[in-house]
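Below you'll find the structure, written out as structure tokens, and then a few comments.
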Amino acid sequence: MDVLFIAAEAWPFAKTGGLGDVAGSLPAALKARGVNVRVIMPLYSTIAKEYKSQFKLRDEFKVNLSWRSQYCGLKEFQHQGIHYYFIDNEYYFKRDRLYGYGDDDERFAFFCRAVLKSLRRMDDFRPDILHCHDWHTALIPFIVRNSYARRAFYFPIKTLFTIHNLYYQGRFGGDVFDRVLGWAGHGDWWEQLEYYGDINYMKGALLTADAISTVSPSYAAEIQTEAYGQGLDGVLRYRSQALSGILNGIDERFFDPALDPALVSWYTEPAGKAENKAALQEEMGLPVQAKTPLLCVVSRLVEPKGIDLLDPILEELLREEVQLAVLGTGEREYENIFKYYAEHYPDNCAFCYNYDEDLAHRIYAGADIILIPSRFEPCGLTQMIAMRYGTVPLVRETGGLKDTVAAYDPADGSGNGFSFKNYNPAELLDTIRGALAVYREQPAAWAALARQAMDSHFDWERSAAAYMGLYKKIVFE
């Protein structure tokens with residue numbers, strides 16, 4: 001089984017969120033199960049020089065976008081046993097960040113076409129499956145089905161499209177259909193991409209991929225409803241037989257409190273968090289108080305993450321004997337919320353808005369509770385990582401959060417976290433206070449709960465096995 005992972009980011013080369021973690025970790029788990037998996041992604045200027053200096057040029061060619069003919073370099077590199085390819089074009093990828101530019105429609109249309117042209121330049125590798133991740137790669141299944149299906153080289157190749165977050169769909173003005181893609185005259189193609197007068201890259205993939213997956217079973221069910229379908233629920237219901245939900249995992253070797261080089265003290269039991277908590281409080285400028293419950297948020301600060309639930313309750317919460325450490329960047333209005341509370345409650349709230357991977361690990365190790373009140377969450381890796389470090393998650397019951405966090409039951413002590421159902425700040429505050437009561441009043445029960453969180457394993461083995469089954473179904477059935 002030969003599989004090409006196609007993603008806009010992959011750790012350790014580029015990462016903004018869970019997509020980068022998945023594309024950086026899942027290939028190794030698949031390889032361990034006998035899959036010949038390789039990865040292709042853009043060659044961003046932000047990739048560390050220590051890696052870029054080792055990339056080797058494999059080929060150079062032109063890629064057409066409507067009237068444009070753009071340079072493309074195909075580079076390659078072996079990292080930890082995985083073969084990586086990089087699409088090189090400085091006009092599109094020499095930027096300060098990965099996404100968020102006015103020409104993202106053109107940048108990732110170029111990437112998709114460049115990937116398809118690159119397939120003929122890989123010599124010893126011809127994939128059975130193109131495993132495409134999120135909207136940045138969504139034109140690939142569409143082009144394979146509509147344009148390349150009668151070409152002998154591409155005809156046997158199957159496509160799998162994985163939705164990491166339906167909120168981001170690659171929706172652009174209708175003029176992109178001709179101005180960027182050069183498809184004027186293809187009325188049937190327009191209908192597959194059209195979305196209220198715009199074009200929607202992800203819609204095209206959902207209609208044309210041989211199979212569709214998303215990153216948790218609960219999310220796979222949710223996105224077929226109007227409440228969570230982001231306007232594409234009808235398309236997803238139409239393709240429901242091709243849709244499956246496979247829970248993501250984490251690299252437990254990378255997130256290991258017994259070996260993590262970012263920590264001030266290694267540990268294997270929840271009691272070992274104490275030294276890390278004191279160090280984190282000092283690092284974040286909070287009073288070093290062992291008994292004060294330390295809550296944390298490690299997140300992109302965007303609307304789906306539930307920041308608007310925290311805002312109305314934070315002032316009331318921070319007047320109590322609690323501390324809050326926040327790490328994340330995102331939309332200015334949400335950054336300003338935490339800047340305000342850090343300024344007005346300096347002994348209770350600290351905010352770092354320059355994302356730092358090592359600091360994130362120290363927060364996981366030092367905090368007592370992590371807050372994840374998401375409006376929706378396709379899978380969520382944060383709660384899995386936090387539990388690995390013995391930090392108890394407090395989440396809203398949605399998507400992968402629902403699939404991974406079992407609510408604490410005081411009757412028998414079972415569970416690995418706390419959860420609430422309805423999306424409102426009062427219910428969030430009540431759940432936080434319930435968790436704080438256990439922390440303050442029942443230390444033995446809290447220690448057992450933290451231990452149960454640490455024992456909740458989410459490595460990639462289960463996910464890799466599920467993907468293996470899906471790959472075989474796509475190719476052989």
Side-chain angles (χ1 to χ4, degrees), residues 11-12 15-17 21 48 250-251 253-301 305 307 310 314-315 317-330 334-372 381-394 432 435-436 439-440 446-447 450 453-454:
W11 179 259
K15 170 187 164 181
T16 63
D21 284 316
I250 60 172
D251 185 343
R253 298 166 300 174
F254 184 66
F255 300 108
D256 184 355
L259 298 171
D260 192 336
L263 307 189
V264 298
S265 177
W266 293 342
Y267 61 97
T268 58
E269 296 291 335
K273 291 173 63 70
E275 190 172 343
N276 289 285
K277 179 176 180 177
L280 177 64
Q281 289 170 322
E282 185 173 357
E283 181 177 2
M284 299 289 285
L286 296 168
V288 178
Q289 298 170 343
K291 294 185 178 181
T292 299
L294 177 55
L295 285 61
C296 74
V297 172
V298 179
S299 175
R300 286 181 295 113
L301 304 180
K305 296 299 183 179
I307 309 303
L310 284 168
L314 275 183
E315 188 153 18
L317 181 64
L318 292 174
R319 287 175 177 169
E320 302 181 16
E321 190 182 346
V322 299
Q323 294 177 340
L324 176 66
V326 181
L327 174 64
T329 61
Y334 298 123
E335 291 182 352
N336 287 340
I337 289 171
F338 293 114
K339 287 178 182 178
Y340 171 86
Y341 288 110
E343 181 180 339
H344 287 79
Y345 295 88
D347 288 342
N348 301 86
C349 183
F351 176 40
C352 177
Y353 52 92
N354 291 317
Y355 186 76
D356 182 320
E357 183 73 31
D358 286 346
L359 177 56
H361 288 222
R362 290 193 289 276
I363 291 176
Y364 294 133
D368 300 300
I369 300 170
I370 188 164
L371 303 177
I372 313 176
L381 301 181
T382 305
Q383 79 280 9
M384 300 181 191
I385 298 167
M387 285 190 275
R388 179 82 168 133
Y389 289 78
T391 297
V392 175
L394 191 154
I432 293 173
L436 293 175
Y439 178 88
R440 289 167 174 149
W446 186 267
M454 290 188 79

For a 4.5 angstrom cut-off between non-hydrogen side-chain atoms, does [X] reach [Y]?
| X | Y | result |
| --- | --- | --- |
| Pro257 | Met454 | yes |
| Leu371 | Leu310 | yes |
| Leu394 | Ile432 | yes |
| Leu286 | Asp347 | no |
| Asn276 | Arg362 | no |
| Val297 | Leu324 | yes |
| Val298 | Ile372 | no |

Is a side-chain N or O of [X] found less than 3.5 angstrom from the main chain of [Y], in a donor-acceptor match?
| X | Y | result |
| --- | --- | --- |
| Lys273 | Ala365 | yes |
| Lys277 | Ala290 | yes |
| Thr391 | Ala367 | yes |
| Asp368 | Leu295 | no |

How long is the gap from [atom1] on [X] to [atom2] on [Y], to the nearest 0.5 Å?
| X | Y | atom1 | atom2 | answer |
| --- | --- | --- | --- | --- |
| Ile385 | Ile363 | CD1 | CD1 | 12.0 Å |
| Ser299 | Leu327 | OG | CG | 9.5 Å |
| Tyr364 | Thr382 | OH | OG1 | 4.5 Å |
| Ile337 | Phe351 | CD1 | CZ | 10.0 Å |
| Arg440 | Trp446 | CZ | CH2 | 10.5 Å |
| Leu359 | Glu357 | CG | CD | 10.0 Å |

Could you go through Gln383 and Ile370, starting from their C-alpha distance and side-chain angles, then the distance that decides it, and tell me whether this counts as side chain to side chain contact (heavy atoms under 4.5 Å, CB included)?
CA-CA 8 Å; Gln383 79 280 9; Ile370 188 164; 5.6 Å; no
State whether Lys291 and Glu321 are salt-bridged, where the test is any N-O pair (Lys NZ or Arg NE/NH1/NH2 against Asp/Glu carboxylate O) under 4.0 Å.
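Salt bridge flag = no for Glu321 with Lys291.
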Less than 4.0 Å between a side-chain N and a carboxylate O, is that true for Lys339 and Glu343?
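No, no charged N to carboxylate O under 4.0 Å.
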Side chain to side chain contact (heavy atoms under 4.5 Å, CB included) between Leu317 and Val322, worked out
CA-CA 7 Å; Leu317 181 64; Val322 299; 4.1 Å; yes
Trp266 vs Asp256, side chain to side chain contact (heavy atoms under 4.5 Å, CB included): CA-CA, chis, key distance, verdict
CA-CA 9 Å; Trp266 293 342; Asp256 184 355; over 6 Å; no
Determine the interplanar angle of the Trp11 and Phe254 rings, folded into 0 to 90°, and report it as parallel if under 30°, tilted if 30 to 60°, perpendicular if over 60°.
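Ring orientation, 0 to 90° scale: tilted.
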Please work out whether the ring planes of Tyr389 and Phe255 are parallel, tilted or perpendicular, with thresholds of 30° and 60°.
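Rings of Tyr389 and Phe255: perpendicular, over 60°.
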Could you please spell out the steps behind the side-chain hydrogen bond (donor to acceptor under 3.5 Å, both in side chains) verdict for Tyr267 and Glu275?
CA-CA 10 Å; Tyr267 61 97; Glu275 190 172 343; over 6 Å; no
Of all heavy-atom pairs between Gly328 and Leu301, which one has the smallest distance, and what is that distance?
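The pair with the smallest heavy-atom distance is O-CD1, 3.6 Å.
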Run the side-chain hydrogen bond (donor to acceptor under 3.5 Å, both in side chains) check on Gln323 and Gln281 step by step: do they pass?
CA-CA 9 Å; Gln323 294 177 340; Gln281 289 170 322; 2.7 Å; yes
Above 12 or not: heavy atoms from other molecules or residues under 6.0 Å from CD of Glu282?
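Counting neighbours around CD of Glu282, 12 or fewer heavy atoms of other residues, nucleotides or ligands fall under 6.0 Å, so no.
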